Amino acid sequence: MLEIKDLQVHYGGIHALRGISLNVEDGKIISLIGANGAGKSTTLKAIMGLVPKTAGSVLYDGKDISQDKTRDIVKNGLILTPEGRRVFPDLTVDENIALGAYTRNDRAGVAKDRKWVFELFPRLEERKWQAAGTLSGGEQQMLAVARSLMGKPKLLMMDEPSLGLAPLIVKSIFSIIREINQAGVNVLLIEQNAKAALEISDYGYVMETGVITISGTGKDLLVNDQVRKAYLGE
Amino acid sequence: MTIMDFPTFMQQVVNSLSLGSLYALLAIGYTMVYGILRLINFAHGDIFMLGAYFAFYAITIFTLPWYLAFPVAIIFTVLFGIILERFAYRPLRNSPRIAIMISAIGASYLIENLGVMIFGGRPEAFPTIQLFNQIFSIGSVKVSGVSLLIPIVTLVVLLVLFYVINKTKTGMAMRAVSKDYEAARLMGVDVNTIITITFGIGSGLAAVGAILWGMKYPQLIPLMGLMPGLKCFIAAVIGGIGDVRGAVIGGFILGFGEIMLVAFIPDLSGYRDAFAFVVLILVLLIKPSGIMGKATVEKV
Ligand SMILES: Nc1ncnc2c1ncn2[C@@H]1O[C@H](COP(=O)(O)OP(=O)(O)OP(=O)(O)O)[C@@H](O)[C@H]1O
Ligand SMILES: [Mg+2]
């Protein structure tokens, strides 16, 4: 469904992406792992049109979207849960969730999805009148995911959803990612927690300073010597 | 200290309400634009001036009745504010902050001087509208129609504004954009559209304020936006810049303060314009982020 070919990004003089190619197939969870500064977040931002691409193409269902506006990309079902949650602190939980559905006009569908995300995260429903800035870190992460789901994603891209969370919450985030995927949403996941990510992934890519060095099924990468040394700490 | 009888005192209260309302209408534009662009729109007082002149010309040259002239003037002022943002500020949005600041100062001088060139430096008299110039007696208190009209119009405008900001999708997007452009974009919000709407609303309120101002203080000059602009910027800072409620509170503090200062201590009437600055210094000493302001970290 999503095909990235030779994507390049420059930040001023920094060549952050030096030609990335990757594929997301329907129904799959794909993960992208790599050291700090490898260019993982940049890849997702480039897909969303938040940073300009200097070369390459992004094909979504065969159509080149690399010149589209972020708004149209969102409308087409490509949704990014950004690194560091980025919930709107002064808005209530409910308003954050409503903003997730900003581009949608199908009231009934939005109401249904709102019910669905509150089922996924009952904690958020209890706190729907609370300002998002007063939520705990884990709750904010839940809100960030819930807000993304409100956009009716066909592909949900998550940038380090488990960052800074307690092990128990990390576990529940991963099980929710699976649940979302089973509900028919494709997932592109960036994780520092490489082991957990690869375990739930159908396919994985390993990035190093702007290029993809290794790729393979989640299972293969888990037993790959290089990956084990560099990213699984074994 | 002057001792006043009750009717005189009430008259001052009504005057304070009027002036406070006018300040509030103008201060909101400063605070909204600051909230979304972190820009002090130095040209906002001049947009206010344009609103007054647009209404003046609509009535005098184009001989429109007031109920058409005022909406037309408001629409033109809104368009002017939007165009100003589009051409003077948007191209500099990703430049260092100082560049857009200087552009705002330049725009302000440009509008003022074009105003002198086109409208002429001679004061013009804002047309009197009979309907609003009647004197009403409430008990022993006599008030002019305009003095009643100003707070009422302001109240209605504020209610609509607060509804838009707090209850509509667009208002929600405005609040989101003022916190985090990139995250708002990821929700599918078009940041440029929201900024355009913000300038439109700010300029519209300035035009409403200018028309009411013209009815109450019917003398127009191209520099008439200078002092009110400065004071209303101060009102926005006092209230906590970026916070719309704060701008309203700041506007009323200055309105009441000025009128009551002159009413009770006529000897100080020469210092009327200094009042705003004194309050500003006091607030900055006691609570630098303003009355409603939170101590926030500068957005990067
Ligand atoms: N806005 C920016 N301006 C300049 N350089 C940037 C910018 N954003 C990212 N970079 C640089 O681009 C490179 C890739 O950054 P990116 O955020 O994509 O890394 P990452 O793989 O997501 O790292 P992490 O795991 O730490 O989140 C880094 O060297 C970073 O310093
Ligand atoms: Mg990153």
Side-chain angles (χ1 to χ4, degrees), chain A residues 12 41 44-45 47-52 68-105 107 110 131-134 140 143-153 156-159, chain B residues 31-32 34-36 38 90-91 93-96 162-198 239-247 289-300:
Chain A
S41 300
L44 299 193
K45 284 186 185 175
I47 296 173
M48 293 305 296
L50 288 179
V51 297
D68 287 9
K69 284 187 165 177
T70 305
R71 179 186 37 171
D72 298 322
I73 296 171
V74 170
K75 221 173 182 165
N76 282 325
L78 262 64
I79 309 265
L80 170 61
T81 314
E83 190 172 13
R85 302 167 193 133
R86 307 280 283 272
V87 297
F88 301 107
D90 295 348
L91 274 60
T92 65
V93 168
D94 223 5
E95 287 175 329
N96 269 276
I97 284 180
L99 263 178
Y102 186 76
T103 58
R104 295 173 63 183
N105 295 316
R107 276 171 176 251
V110 171
T134 63
Q140 288 190 19
L143 179 56
V145 175
R147 186 177 67 173
S148 299
L149 291 175
M150 291 303 292
K152 210 177 174 75
L156 179 60
M157 294 176 271
M158 292 199 247
D159 197 342
Chain B
T31 227
M32 284 180 77
Y34 184 88
I36 252 166
R38 300 297 182 270
R90 189 172 299 180
R93 193 156 329 135
N94 297 317
S95 315
F162 282 114
Y163 178 82
V164 169
I165 292 177
N166 293 314
K167 299 287 175 208
T168 66
K169 217 163 155 176
T170 304
M172 218 157 58
M174 291 169 76
R175 285 181 287 144
V177 169
S178 76
K179 281 292 162 205
D180 189 339
Y181 278 19
E182 198 174 74
R185 268 201 188 106
L186 288 173
M187 305 295 110
V189 173
D190 189 66
V191 171
N192 282 336
T193 307
I194 295 298
I195 290 173
T196 298
I197 293 173
T198 305
I241 195 145
D243 189 297
V244 177
R245 293 161 305 171
S289 56
I291 293 167
M292 302 297 284
K294 289 182 220 117
T296 44
V297 234
E298 181 78 340
K299 182 158 108 175
V300 278

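The chains referred to below are lettered A, B, ... by the order of the sequence lines, with proteins before strands, and numbering in each begins at 1. Keep in mind that what you see is a predicted model, and the values were worked out from it rather than measured.
- Only the side chain of L50(A) comes within less than 4.5 Å of a heavy atom of chain B; its backbone N, CA, C and O stay farther away.
- Heavy atoms of other residues, nucleotides or ligands lying less than 6.0 angstrom from CZ of F162(B) number more than 12.
- Closest approach of M187(B) and L99(A) over heavy atoms only: CB-O, 3.6 Å.
- Separation of atoms CG (D190(B)) and OG1 (T103(A)) is listed at 12.0 Å; rounding is to 0.5 Å.
- Side-chain contact between R175(B) and L91(A) is present, with at least one heavy-atom pair separated by less than 4.5 Å.
- Across K169(B) and R104(A), no two heavy atoms sit closer than the pair NZ-O, 3.2 Å.
- L80(A) contributes atom CG, which lies 13.5 Å from atom CZ of R185(B) (distance to the nearest 0.5 angstrom).
- With a 4.5 Å cut-off on non-hydrogen atoms, A101(A) touches chain B through its backbone but not through its side chain.
- A distance-only check finds no donor-acceptor pair linking the side chain of K75(A) to the backbone of G188(B) [under 3.5 Å].
- Neither the backbone nor the side chain of R85(A) has a heavy atom closer than 4.5 Å to any heavy atom of chain B.
- The distance from the CZ atom of R147(A) to the CG atom of L186(B) is 8.0 Å, given to the nearest 0.5 Å.
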